[in-house]
Amino acid sequence: MEYNFREIEANWRKFWAENKTFAAKDHSDLPKYYVLDMFPYPSGAGLHVGHPLGYIASDIFSRYKRAQGFNVLHPMGYDSFGLPAEQYAIQTGQHPRITTEQNVARYRDQLDKIGFSFDWDREVRTSSPEYYKWTQWIFKQLFNSYYDENQDKAVSISALIKEFEANGNANVKATTDYEGTFTAEEWNAYSEKEKEARLQEYRLAFLADSWVNWCPALGTVLANDEIVNGKSERGNHPVEQKLMRQWSMRIKAYAERLLTGLEGLDWTDSIKDIQRNWIGKSIGASVEFAVNDSDKKVEVFTTRPDTIFGVSFMVLAPEHPFVDEITTEEYKTAVEEYKASASLKSERDRQADVKNISGQFTGAYAIHPFSGEKVQIWIGDYVLASYGTGAVMAVPCGDQRDWDFAKHFGIEIINIFEGVDISEEAYTEKEGKIANSDFLSGLTVKKAMKRAIHEIETRGFGKGKTNYRLRDAVFSRQRYWGEPFPVYFQDDIPYLVEDDKLPITLPDVDKYLPTEEGEPPLARATDAAWGDQLQGDRMDYNTMPGWAGSSWYFLRYMDPHNENEFVSKEKVEYWNNVDLYIGGSEHATGHLLYSRFWTKFLYDLGYIPFDEPFQKMINQGMILGRSSFVYRTDETNQFVTSSKRKEFKTTPIHVDISLVENDILDIEAFKKSREEYANAEFILEDDGTYVCGHEVEKMSKSKYNVQTPDELVEKFGADTLRMYEMFLGPLEQSKPWDTQGINGVHNFLRKVWKLVHDRDGNITVTEDEPTKDALKTLHKTIKKVGDDLDRFSFNTGVSNFMICVNELSDQKCRNKSIIEQFVVLLSSYAPHICEELWVKLGHEAGTVGTQPFPVFNPDHLIEANHKYPVSFNGKMRFMLELPTTLSKDEIEKEVLAHETAQKWLDGNAPKKVIVVPGKIVNVVI
RNA sequence: GCGGAUGUGGUGAAAUUGGUAGACACGCUAGACUUAGGAUCUAGUGCCGCGAGGUGUGUGGGUUCGAGUCCCUCCAUCCGCACCA
């Protein structure tokens, strides 16, 4: 009887679903292990073979952990709010909910076919009201909180209001955009609107007029991480800066904790570096420079306060608010012109155009706070308005950009470094000694920094300061298919909807487009559509961004049906954070940063007992497509086979990979595939076949190189697909998809089947004592497979199974106990066939997954002899089998006595002989 | 420019602490068998050479009895950041 994978797999899928074999228990004496996949956006295209790669790895690992005696949480869900469903709705008028449901059903069907051990009773969908009720609830907590820098955590805003009422903001140290001070009397005299406006500057979720990335083509604002090279990540549309009243998240408050928290995480260095870079911490000082003949003070941020005596001019960003006020009459026109030309350049152009030095003197002077000397104030577009204070103190001797600027405009360059030549370029090393700098002269850079900050602080014109590049995250989108805000407006003041009114569900609209006035689609909803959800003058028309729902979904899996809390304390305390997270690295600055932020926030409020969501993370590589090409002649419209294409002028054309097998084109199918090919002519290989060319590219519909898991499951079975995806190479690496090798893996499973069956399907296992060889093979495999799983080396795991089966087959092993343990070992990789064989070997159905992982016994690997590779000067010359009991000297004697050794020695005595018992022998001559 | 990752046969790759480079698989070559099946079996397959042998892990150097692995140099590819003060 042949290995009938179709029947076997269908049966076991049904069995697992009916028996809820993989349901995770919320209460258990077993230790817990939480394995999580990044949940997918259910797109209309369905899954291709690249998507399940990580899911297969995490599934194997989950099954392995179960075998090791862990209570494993391994859930799956859908990040089901998003743009494609909405774009489709705009085109067709079909509600995105319907599209989404269809796509989810398709995904589920595809996932089910691969035999994952997900606990489907815990499925979450970010677009379901039961789920986004709690996304809205978390938003409310953020709105109701501010960041207290004294306690270094988020605290309820009501505490802040009390403090304002009692003492104003004099004693408050909070993360805020508000820089002024007010007394209790002033606060209490504020109108409600004024109070709320002030509070907005403290809340962690707040409404503010801010410069946002507006994408006209998508009709919405975007967060910084949603912009790649100045274009929208989705659709590659242009993005412009626009001042808009938007919801934002004060993620800046968590900058330091997001940075230091990385240290304890088992993530790749590259992702950690990307996050560090994104947060962009720099330590230095803020210093005020008084403007001559003015009461204005220009604040600058510098990382090199030690070089303050090297300041020979200052540069403001052209957009700096002081520019107009300080510019002297004489320079008004020139400054205006410069500002105008700078504003014409987009941020991106300004960044691209690094080599062109430009700037304009304002006519104004600043007073150096220490020397009291007058320094020129310039404007220049190399200073960015959005970073630091939008102004720099220019130290040309120590900063290359300042040096270039000074050279270009002929400004004095003061050298404050001892024994360093700065005539050709600036000295940017943070080493050496400071000179020519009053009280800093003679100090090392390090000491001078401390001293400078100390002096700046004691003399009262600045303070030590840490700056972050991380910007607050824009949190509203002008879209339909997202979470509505639990917010209504009364007299333009935002109010939160009460908890018992949550969720605020999406109202129906007539069109999924902005209104004529440019309001978001939700503004189209009639009062009737809002129903009794409507409060105040109007509801908030924005929806939340894609990352809202995904920032906390890993918590909901722990308690997915809880109607009273987002997660119960008891359950989150048991499951704790994610032990292993598998997903792509493309979320480095988006999802992975925002989840960490929300986790820390919920931790601060005492709702969860951990402040990092994902302890260990593995980023799987991308699976690339292997495109096939036919070559059409430019003039005669013939198709030329690959080897002869150089004889003609041809254009390569993508051909659907389903029409190609082993690079050979199915000519008849090709002719039928498109009308224009129906009468195509071919120039063939000499053997009469048409051979296609190929190239490795990203998998995409337009390149006709998409391989779906469905067809492979149909052809070879899920177990083969699972093992083949793992066999392709290391999980983290990107690799091309190539179906050619899948036969090898399929044959392996057939060999496994044949270990247990004869040709007629009879079970052939014997119950005698296992042979030494079989025990050695098995235990070698137990050790290697276990070690490989522990280091997530899934590809070498597959090789080890193959080696094991090859050896057992060679040994004609039919021993039941050996085969049973092998089946248990293999069951995490190929669960269907192993369940089937397990039952055939006489065990209860569905229990192979709960068998303990086989225990490695090193005794079985002990050998009487070792085959020593004997090298001369490091080059292996021959093998010599010797008893392992021999001493070093005895080994040396045996080796040198060997006739091949005599040949290589050629009568000479060896200079030295290195013997590593049980390993190698090396003779030096 | 800065930071990170990766470079090994025709292909995907392996080599976990420095110890037989290329396991395992694909592909290919030759043969066997035939209940013609995406079957199985045998032998071979890094490169050069009939062979003995030589040579070989991106380049060049170093440490070592011994280097894919450790150190230095350079090159290529990919990813992230980039006038960040």
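Just the heavy atoms: all of them, side chains too, but no hydrogens, waters or symmetry mates, feed the values below. Throughout, a chain's letter reflects where its sequence line sits, starting with A, and its residues are numbered from 1.
- Closest approach to the A:Y382 side chain among B:A82, B:C83, B:G3 is made by B:C83 (side chain taken as heavy atoms from C-beta onward).
- Side chain to side chain, A:Q811 and A:T777 meet the donor-acceptor criterion of an N or O pair below 3.5 Å.
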Sort me out a list of protein N/O and nucleotides 34-37 of chain B N/O pairs below 3.5 Å, or just none if empty.
none

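- Separation of atoms OG (A:S341) and CG (A:D381) is listed at 7.5 Å; rounding is to 0.5 Å.
- Taken to the nearest 0.5 Å, the CE atom of A:M617 stands 9.5 Å off from the CG atom of A:D266.
- Here salt bridge (charged side-chain N to carboxylate O under 4.0 Å, His left out) pairs that include residues 735-750 of chain A, with residues two or more places apart or in two chains, are A:E2-A:R750, A:R626-A:D738.
- Within 90° of 0 lies the glycosidic angle of B:G9, which makes this nucleotide syn.
- Across the C1' atoms, B:C2 and B:C83 are found 13 Å apart, a figure rounded to whole Å.
- Distance A:I891 CD1 to B:G19 P: 18 Å, rounded to the nearest Å.
- At a cut-off of 3.5 Å, with distance as the only test, a side-chain donor of A:Y387 or A:S282 sits close to an acceptor on the other residue.
- One C1' atom belongs to B:G66, the other to B:U20, and the distance between them is 12 Å to the nearest Å.
- Residues passing the side chain to side chain donor-acceptor pair (under 3.5 Å) test with A:E863, sequence neighbours excluded: A:K776.
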Inset, instruction - Evaluate ring-ring contact (aromatic ring centres under 6.0 Å, His included) for A:F405 paired with A:F313, printing each intermediate quantity in order. - result: CA-CA 10 Å; A:F405 195 87; A:F313 59 101; 5.5 Å; yes
Inset, instruction - May I have the step-by-step check of ring-ring contact (aromatic ring centres under 6.0 Å, His included) for A:F309 and A:H368, ending in yes or no? - result: CA-CA 8 Å; A:F309 286 94; A:H368 192 288; 5.7 Å; yes
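- A gap of 14 Å separates the P atoms of B:A5 and B:C72, to the nearest Å.
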Inset, instruction - Treat primed atoms plus P, OP1 and OP2 as sugar-phosphate and everything else as base, then score nucleotides 45-67 of chain B 5' to 3': B for base contact with protein heavy atoms under 4.0 Å, S for sugar-phosphate contact only, - for none. - result: --------SSS---------BS-
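- Across the protein-nucleic acid pair, A:M622 atom CE and B:C79 atom C1' stand 10 Å apart, rounded to whole Å.
- Considering only residues two or more places apart in sequence or on other chains, A:S627 meets the side chain to side chain donor-acceptor pair (under 3.5 Å) condition with A:E697, A:N705.
- A salt bridge is defined here as a Lys NZ or Arg NE, NH1 or NH2 lying under 4.0 Å from an Asp or Glu carboxylate O, and A:R6 with A:E714 meets this definition.
- Not a single side chain to side chain donor-acceptor pair (under 3.5 Å) links A:N922 to another residue, sequence neighbours left out.
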Inset, instruction - Represent RNA chain B in dot-bracket notation, 5' to 3'. Only Watson-Crick or G-U wobble pairs with both distances under 3.5 Å count; pseudoknot-style crossings use [ ] and interstrand partners use |. - result: (((((((..(((......[....)))((((((.......))))))(((....)))..(.(((..]....))).))))))))....
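- For the C1' atoms, the distance from B:U57 to B:U69 is 10 Å, rounded to whole Å.
- Here A:D787 pairs with A:K783 in a salt bridge; the nearest charged N to carboxylate O distance falls below 4.0 Å.
- One C1' atom belongs to B:G44, the other to B:G22, and the distance between them is 16 Å to the nearest Å.
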Pull out every protein N or O sitting under 3.5 Å from an N or O of nucleotides 69-72 of chain B, one pair per line with the distance.
none

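- Closest to the side chain of A:D787, out of B:U16, B:A82, B:G4, is B:U16.
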Sub-3.5 Å pairs of nitrogen or oxygen atoms, protein against nucleotides 12-14 of chain B:
from: B:G12; atom 1: O2'; to: A:L728; atom 2: O; distance (Å): 2.3
from: B:A13; atom 1: OP1; to: A:Q733; atom 2: OE1; distance (Å): 3.4
from: B:A13; atom 1: O3'; to: A:N795; atom 2: ND2; distance (Å): 3.4
from: B:A14; atom 1: OP1; to: A:N795; atom 2: ND2; distance (Å): 2.8

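- Between A:H866 and A:Y868, the angle of the ring planes goes over 60°, which puts this pair in the perpendicular group of the 30/60° scheme.
- Evaluation of the side chain to side chain donor-acceptor pair (under 3.5 Å) rule for A:K751 yields A:N806 as partners, not counting sequence neighbours.
- When the C1' atom is compared between B:U8 and B:G68, the two are found 7 Å apart, to the nearest whole Å.
- Taking atom C1' on both B:G12 and B:G49, the two are 30 Å apart, rounded to the nearest angstrom.
- Rounded to whole Å, the P atom of B:U45 lies 44 Å from the corresponding atom of B:G80.
- The OH-P distance, from A:Y829 to B:C24, rounds to 17 Å in whole Å.
- Nearer to the 5' terminus of RNA chain B, by closest-nucleotide assignment, is the contact made by A:S871 (compared with the other of A:Q740 and A:S871).
- Near RNA chain B, meaning a heavy atom under 4.0 Å from it, residues 394-403 of chain A has A:R401 in order of number.
- Note: A:F801 and A:F822 have perpendicular aromatic rings, judged against thresholds of 30 and 60 degrees for the angle between ring planes.
- With B:G19, B:C83, B:U40 as the choices, the nucleotide that has an atom nearest any side-chain atom of A:K754 turns out to be B:U40.
- In summary, the side chains of A:D790 and A:Y64 do present a donor paired with an acceptor at a separation below 3.5 Å, with no hydrogens or angles considered.
- Which of B:A21, B:C24, B:G4 sits closest to the side chain of A:M802 comes down to B:C24.
- Within 4.0 Å (heavy atoms only), A:N747 reaches sugar-phosphate atoms of the nucleic acid but no base atom.
- Relative to the side chain of A:T302, the nucleotides B:A85, B:U16, B:C24 differ in distance, and B:A85 lies closest.
- With A:M726 as reference, A:I56 is the one residue of A:N795, A:T796, A:I56 to meet the side chain to side chain contact (heavy atoms under 4.5 Å, CB included) rule.
- Between A:Y724 and the choices A:F794, A:W737, A:F748, the ring-ring contact (aromatic ring centres under 6.0 Å, His included) rule is met once, by A:W737.
- Among the protein residues, A:K715 comes within range of the nucleic acid bases, having at least one heavy atom under 4.0 Å from a base atom.
- The NZ-P distance, from A:K751 to B:A39, rounds to 12 Å in whole Å.
- Atom-to-atom, NE2 of A:H746 to P of B:A39 comes out at 10 Å; the value is rounded to the nearest Å.
- Applying the side-chain hydrogen bond (donor to acceptor under 3.5 Å, both in side chains) test to pairs two or more places apart or on separate chains, those with a residue in residues 871-882 of chain A are A:N865-A:E881.
- Under 4.0 Å is where a charged nitrogen must lie from a carboxylate oxygen, and between A:R276 and A:D273 at least one such pair does.
- Among the nucleotides B:U40, B:A85, B:A82, the one closest to the side chain of A:R469 is B:A82.
- A:H866 has its NE2 atom 13 Å from the P atom of B:G19, to the nearest Å.
- Looking at heavy-atom distances under 4.0 Å, A:M393 makes no contact with the nucleic acid at all.
- Note: A:S312 OG to A:D402 CG = 8.0 Å, rounded to the nearest 0.5 Å.
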